[in-house]
J.: 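Okay, handing you the structure first.
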2 protein chains.
Amino acid sequence: MIDIEKAREEIAEIARDIFAKFGFKKTTMEEIAKAVNKAKSSLYYYFQNKEEVFQAVIEREANVLREKLQKAISQENTPQGKLRAYIVTRMKALKQLANFYSALKDEYLENYKFIEKFRSKYDEEEKSAIIQILKEGIDNGIFEINNVEMTTQAILITLKGFELWVFQGNTKWTEKDVDNLLEILFYGIMKK
Amino acid sequence: MIDIEKAREEIAEIARDIFAKFGFKKTTMEEIAKAVNKAKSSLYYYFQNKEEVFQAVIEREANVLREKLQKAISQENTPQGKLRAYIVTRMKALKQLANFYSALKDEYLENYKFIEKFRSKYDEEEKSAIIQILKEGIDNGIFEINNVEMTTQAILITLKGFELWVFQGNTKWTEKDVDNLLEILFYGIMKK
DNA sequence: TTTTCGACTAAAAAAACAAAATAGTCGAAA
DNA sequence: TTTCGACTATTTTGTTTTTTTAGTCGAAAA
């Protein structure tokens, strides 16, 4: 009752490495069970099915990222700084994750839909994080945005594009790229 | 000698519909041949292999798009207008194409790499088109951009994100979305 | 000379089937 | 409350055979 969550945590933690190496499909419950020193059927005491184990792994990863983002944002005191910190931190973390889950990366390119199923859950979260920053900027009289919702969407879409860019391995992005992007976002390209 | 191009055109034109229906993999040379009223082996007189037929189909499609873009741009006389026309036209055309090549769309999501192989050829083209617009804007003293190359990339990345958004069918974008995006691109979100 | 085609081959894909692996259930025991 | 072994029902894998398909070639038609 009190330990069930702990056990779930432990399983997820260990399963993480296996999923990372073999991807979702090629990871078996047997393997996970062995690594946790349990019988396979015991896993089903903690999780309903394989997908739920995977879900738990992702959730943990999301928590780590969430904290990183929170921390990065809180260390900045201007909305611009926060936005920059958010994007840079996010990109870096995603790169790391893509690196760690090397097998999953292949599955990503091959079976885009599958991963998206899990990701979409966090889209809302991301949205509100950015909205919050934008609103703060507006309240402080720093930003001038007539449609926060749409602007947020524009930013998210751009981040998605960035992600794809990185995932394809076409280019190695730098913070400079992000700064350039932000320069446009902040000031636009029109001559003042 | 003079007709060979005409024949290629005809084959590509007819193959287009078949590829659209069945995608690349499930389209057979036999089918195409039948539709063109030729023996399968005759196709190989005009094209080296199946991929070249597909290539030709894409090339035609690209030409159509190119012309549309050219026309749309030339009808505008401000750099802002041109940029807007470019993006709107591009998005509309892509949407239409995605609709027409319904089978290909599935292949796109499943086998992203394959389609990308053909697309990447046109990335350069797209890049220079946008650079040209931006430079014109700079020359006219309308835009103020310190790194055209990077700004162009930022725009392209954003368009890629937009594309993904649309392809997934998550949202039906409107011109309003584009305008909002452009509003940011032109003026940024900072208070003046 | 240019274009078409039927007959052919080699490779790939599909079908059929058996064998193995795996996700998930269940009741009983620790 | 937690663990597990034995079981089942699906999937996956491996193998062999058959069919389909991409691509070649030389000969005939235009």
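Quick note on labels: first sequence line is chain A, next is B, and so on, each numbered from 1. Model, not experiment: these values are computed from the prediction.
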J.: Taking the minimum atom-to-atom distance to the side chain of B/T28, which one of D/dC4, C/dT3, D/dA22 wins?
T.: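 The answer is D/dA22.
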J.: Which residues in residues 9-20 of chain A have at least one heavy atom lying under 4.0 Å from any atom of DNA chain C?
T.: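 Hits under 4.0 Å, by residue number: none.
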J.: Roughly how many Å is it from NZ in B/K26 to P in D/dT20, rounded to a whole number?
T.: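 These atoms are roughly 15 Å apart.
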J.: Expressed in angstrom and rounded to an integer, what is the separation of A/K25 atom NZ from C/dT22 atom P?
T.: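 One finds 13 Å between P of C/dT22 and NZ of A/K25, rounded.
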J.: Could you tell me how far apart A/R8 (CZ) and D/dT3 (P) are, to the nearest whole angstrom?
T.: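 Between P of D/dT3 and CZ of A/R8: 12 Å.
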J.: So, using side chain to side chain contact (heavy atoms under 4.5 Å, CB included) as the criterion, who are the partners of B/A7 when residues are at least two apart?
T.: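 Side chain to side chain contact (heavy atoms under 4.5 Å, CB included) list for B/A7, sorted by chain: B/Y46.
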J.: Measure the distance from NZ on A/K34 to P on D/dT3 and round it to the nearest whole Å.
T.: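 For the pair A/K34 NZ and D/dT3 P, the rounded distance is 18 Å.
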J.: Which residues pass the salt bridge (Lys or Arg N to Asp or Glu O under 4.0 Å) test with B/E9, not counting sequence neighbours?
T.: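 Expected list: B/R60.
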J.: Residues two or more places apart in sequence or in another chain: which of them pass side chain to side chain contact (heavy atoms under 4.5 Å, CB included) with B/L181?
T.: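 In terms of side chain to side chain contact (heavy atoms under 4.5 Å, CB included), with neighbours along the sequence ignored, B/L181 is linked to A/A154, B/T158, B/F162.
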J.: Parallel, tilted or perpendicular: which fits the ring planes of A/F19 and A/F24, with parallel below 30° and perpendicular above 60°?
T.: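 Correct class here is parallel.
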J.: Run the side-chain contact (heavy atoms from CB on, under 4.5 Å) check on A/L185 and A/L182 step by step: do they pass?
T.: CA-CA 5 Å; A/L185 178 62; A/L182 285 168; 3.9 Å; yes
J.: Enumerate the protein-to-nucleotides 28-30 of chain D contacts in which both atoms are nitrogen or oxygen and the separation is below 3.5 Å.
T.:
none

J.: Specify the separation, in whole Å, of atom CD of A/E30 and atom P of D/dT12.
T.: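 Whole-Å distance recorded here is 17 Å.
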J.: Show me the donor-acceptor pairs within less than 3.5 Å that the side chains of residues 78-91 of chain B make with the rest of the protein, sequence neighbours left out.
T.:
| residue | atom | partner | partner atom | Å |
| --- | --- | --- | --- | --- |
| B/T78 | OG1 | B/G81 | N | 2.9 |
| B/K82 | NZ | B/I73 | O | 3.4 |
| B/K82 | NZ | B/E76 | O | 3.2 |
| B/R84 | NE | B/D179 | OD1 | 2.5 |
| B/R84 | NH2 | B/E175 | OE1 | 2.9 |
| B/R84 | NH2 | B/D179 | OD1 | 3.2 |
| B/R84 | NH2 | B/D179 | OD2 | 2.9 |
| B/Y86 | OH | B/E126 | OE2 | 2.9 |
| B/T89 | OG1 | B/A85 | O | 2.6 |
| B/R90 | NH1 | B/E126 | OE1 | 2.7 |
| B/R90 | NH1 | B/E126 | OE2 | 2.8 |
| B/R90 | NH2 | B/E163 | OE1 | 2.8 |

J.: Base, sugar-phosphate or nothing for A/F47? Non-hydrogen atoms, less than 4.0 Å.
T.: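 Here A/F47 touches no strand at all.
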J.: Check side chain to side chain contact (heavy atoms under 4.5 Å, CB included) between B/I14 and all other residues, then give those that pass, not counting sequence neighbours.
T.: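 By the side chain to side chain contact (heavy atoms under 4.5 Å, CB included) rule, B/I14 matches B/E10, B/A35, B/V36.
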J.: For B/E52, which residues count as a side-chain hydrogen bond (donor to acceptor under 3.5 Å, both in side chains) partner, sequence neighbours excluded?
T.: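 Scan of B/E52 (side-chain hydrogen bond (donor to acceptor under 3.5 Å, both in side chains), adjacent residues dropped) gives none.
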J.: So does B/G137 get a backbone contact from the side chain of B/N140, meaning a donor-acceptor N/O pair under 3.5 Å?
T.: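 Flag not set: sc B/N140 to bb B/G137 has no pair under 3.5 Å.
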J.: Going by an N to O cut-off under 4.0 Å, is there a salt bridge joining A/R8 and A/E5?
T.: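 Salt bridge: yes.
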J.: Through what angle, rounded to 10 degrees, does the axis of the helix from C/dT1-D/dA30 to C/dA30-D/dT1 turn between its ends, using five pairs per end?
T.: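 The end axes of the helix from C/dT1-D/dA30 to C/dA30-D/dT1 are about 40° apart, to the nearest 10°.
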J.: To the nearest Å, how far apart are B/I4 CD1 and C/dT3 C1'?
T.: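 It is 9 Å, rounded to the nearest whole Å.
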J.: Given atom OH of B/Y45 and atom P of C/dC5, what is their separation to the nearest angstrom?
T.: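 Rounding to the nearest Å, OH of B/Y45 and P of C/dC5 are 13 Å apart.
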J.: Output all residues satisfying side chain to side chain contact (heavy atoms under 4.5 Å, CB included) with B/Y122, sequence neighbours left out; order by chain, then residue number.
T.: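 Scan of B/Y122 (side chain to side chain contact (heavy atoms under 4.5 Å, CB included), adjacent residues dropped) gives B/I58, B/E59, B/A62, B/E125.
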J.: Using every non-hydrogen atom in the two residues, find where A/I133 and A/F143 come nearest and quote the distance to one decimal.
T.: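 Closest approach of A/I133 to A/F143: O-CE1, 4.2 Å.
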J.: To the nearest angstrom, how far is A/E31 atom CD from C/dA21 atom P?
T.: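 Taking CD of A/E31 and P of C/dA21, I get 13 Å after rounding.
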J.: Listing request: all salt bridge (Lys or Arg N to Asp or Glu O under 4.0 Å) pairs with a residue in residues 138-157 of chain A, at least two apart in sequence or in separate chains.
T.: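 Output for this query lists A/K127-A/E149, A/E144-B/K192.
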J.: What is the per-nucleotide protein-contact pattern of nucleotides 24-30 of chain C, from the 5' end, where B denotes a base atom under 4.0 Å from a protein heavy atom, S denotes such proximity for sugar-phosphate atoms only, and - denotes neither?
T.: BBB----
J.: Tell me whether the side-chain N/O atoms of B/Y46 come closer than 4.0 Å to OP1 or OP2 in C/dT4.
T.: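 Indeed, a polar side-chain atom of B/Y46 lies that close.
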J.: Examine distances only and state if a side-chain atom of B/K50 and a backbone atom of B/T27 form a donor-acceptor pair shorter than 3.5 Å.
T.: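 Between the backbone of B/T27 and the side chain of B/K50 there is a qualifying donor-acceptor contact (under 3.5 Å).
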